[in-house]
Number of protein chains: 2
Amino acid sequence: MPDAESHDGRPGRTPLSFAAIADAAIRLADHGGMHAVSMRKVAAELGSGTMSLYRYVANKEQLYALMCDTVLAAEPAPARSGDWRADLRALAESERAVYRRHPWMLDSISPLGPGGIARVENSLALLAPTGLAMDDIVGVLGMVSSTVHAAIRHEMSVADLHRSTGMDVHEWHAAHSGDIKGLQGGEFPMVARMIAETGRVDHDAAFHRSLAIVLDGVAALIARTGAG
Amino acid sequence: MPDAESHDGRPGRTPLSFAAIADAAIRLADHGGMHAVSMRKVAAELGSGTMSLYRYVANKEQLYALMCDTVLAAEPAPARSGDWRADLRALAESERAVYRRHPWMLDSISPLGPGGIARVENSLALLAPTGLAMDDIVGVLGMVSSTVHAAIRHEMSVADLHRSTGMDVHEWHAAHSGDIKGLQGGEFPMVARMIAETGRVDHDAAFHRSLAIVLDGVAALIARTGAG
DNA sequence: CGCGCCCCGATACGGTGTACGCACCGCCGA
DNA sequence: TCGGCGGTGCGTACACCGTATCGGGGCGCG
């Protein structure tokens, strides 16, 4: 038999592996969201049978974890300069870039796997010189992450709104302000003001504003710790 | 026919209404998570036919929005004292209490409805005296919310871990640190230190630590704005 | 009393995650 | 050389999901 490569079937492509499965699933999720990822679809994408995937992952949750870990492993940790503020900012930007490319990673939280650990190590190390206690370091990193999450989540919800209704936020507010009684009559003046004053949404600006708040808070924490 | 109330059937209970549907769905979600909420289950809970729900909500997403709005409407906005820092803290605590009672509200973001608007008005008003621009106010509130979200999400993931494996975080780390090559060999010293130094998880303390960072950041923003 | 309208919900369809068990292949001991 | 065997791929089946469709039955009105 001149069959050069293994035994596997006609219709298939790659011989099925963690990497191949993760790549196919990520490809599907990247355009179509997690909604577009199903065991059948992933299997179809690689030309294999649905149940074959279960030889590699125990269930869909593990597939999701595999996807996340694969993404994290591919993303290099940002370089460190020694200036915690600059490094934290770079970390946040890098994380934001990742989530923007793979918004489905916000759908759920998966535990830290082998691929993400280098990034975590890098993040922790970045704050070591500040002299903060480990609890504080972890807390700070959590805050930075949640800032990124919130920004992306908001950005995506605006994008979804636009995709599904064709309206931008302003138009949507105008269309729906009538639904809520008491909005016209000045019962909610601040909300009315917010709607009126909100111009074009600038996601970058909003993100950097939020990040600045966090970084200032961290600076205060470091100052307090060092001084105390 | 001595049937006193309308025409509807034997097995049913309440005559079906927005409130009844929302309450039933919330009841299911509160213990069992969003996973336990399906059109059939909600209908069964109120003894009606599945498709009857569609007379009140167009699809499951709208049911979810209805659930969220109902919860928000029932939760009174915290009183304001005039001290933005105290008020922001109270807002965060109140929000945290809500999400703790209804963790499924973190599963997705639903647009602001009539029930939540009073709380939003209150939150915006709370920051008006600081003299911040509307964009900054919205950004600050977003940061506070995302702090709460992150804290709850983390708390829930720890609870899930415990429920599904019976381990606490420490035991889980111990059990899985072998899976990641290079963790034993000192390749990731900070991660190793984090695992070693992490004691019992104190969610309250972690939450207040994060919140303090944000509040300090907001103070810096206000000072900068006022001074500039 | 009879008719038409309208609302309720049974049924059905296409999709999902996944348990089960069979077919097949390459390896290894006899 | 042959026989068995472990492991992998996957066809089939089941329970459940969201929801489109449509038939039947109760009510209001003429």
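Chain A is the first sequence line, chain B the second, and so forth, proteins listed ahead of strands; every chain is numbered from 1.
- Among A:Arg200, A:His173, A:His162, the one residue that satisfies the side-chain hydrogen bond (donor to acceptor under 3.5 Å, both in side chains) test with A:Asp168 is A:Arg200.
- Atoms CE (A:Met39) and P (D:dC10) sit 15 Å apart, rounded to a whole Å.
- Between B:Leu16 atom CG and C:dC6 atom P there is a gap of 20 Å when expressed in whole angstrom units.
- In this structure, A:Tyr56 reaches the D:dG9 phosphate: one of its side-chain N or O atoms is under 4.0 Å from OP1 or OP2.
- Residue B:Ser52 is classed as a base contact, given a heavy-atom separation below 4.0 Å to a base.
- Between A:Asp136 and B:Arg209 a salt bridge is recorded (basic side-chain N to carboxylate O distance below 4.0 Å).
- The backbone N or O of A:Met105 lies less than 3.5 Å from a partner atom in the side chain of A:Tyr64, making a donor-acceptor pair.
- Between B:Val138 and A:Thr198 the shortest side-chain heavy-atom distance does not fall below 4.5 Å.
- Listed nucleotides: C:dG17, D:dG9, D:dG11. Nearest to the side chain of A:Met51: D:dG11.
- Side-chain nitrogen and oxygen atoms of B:Lys41 include at least one within less than 4.0 Å of the OP1 or OP2 phosphate oxygen of D:dC17.
- Distances from the side chain of B:Ser38 to the nucleotides D:dG9, C:dT18, D:dG18 place D:dG18 closest.
- In this structure, B:Arg96 and B:Asp204 have side chains that are in contact, with non-hydrogen atoms separated by less than 4.5 Å.
- Atom CD of A:Glu61 is separated from atom C1' of C:dT18 by 14 Å (rounded to the nearest Å).
- Remark: C1' of C:dC8 and CG of B:Leu53 are 11 Å apart, rounded to the nearest angstrom.
- OP1 or OP2 of C:dC8 lies within a sub-4.0 Å distance of a side-chain N or O belonging to B:Arg55.
- One interatomic measurement links the two molecules: NE2 of B:His35 to C1' of D:dG18, which rounds to 15 Å at whole-angstrom precision.
- What separates CG of B:Leu28 from C1' of D:dC17 is a distance of 15 Å, to the nearest Å.
- Nearest to the side-chain atoms of A:Arg40 among the listed nucleotides D:dG9, C:dT18, C:dA12 stands C:dT18.
- Here the P atom of nucleotide C:dG9 and the CG atom of B:Leu46 are 11 Å apart, to the nearest Å.
- A:Thr50 has no side-chain polar atom (N or O) that falls below the 4.0 Å cut-off from OP1 or OP2 of D:dC10.
- Whole-Å rounding puts the B:Leu63 CG to D:dC17 P distance at 13 Å.
- When the nucleotides C:dT18, D:dC10, D:dT19 are ranked by their closest atom to the side chain of A:Tyr54, C:dT18 comes out on top.
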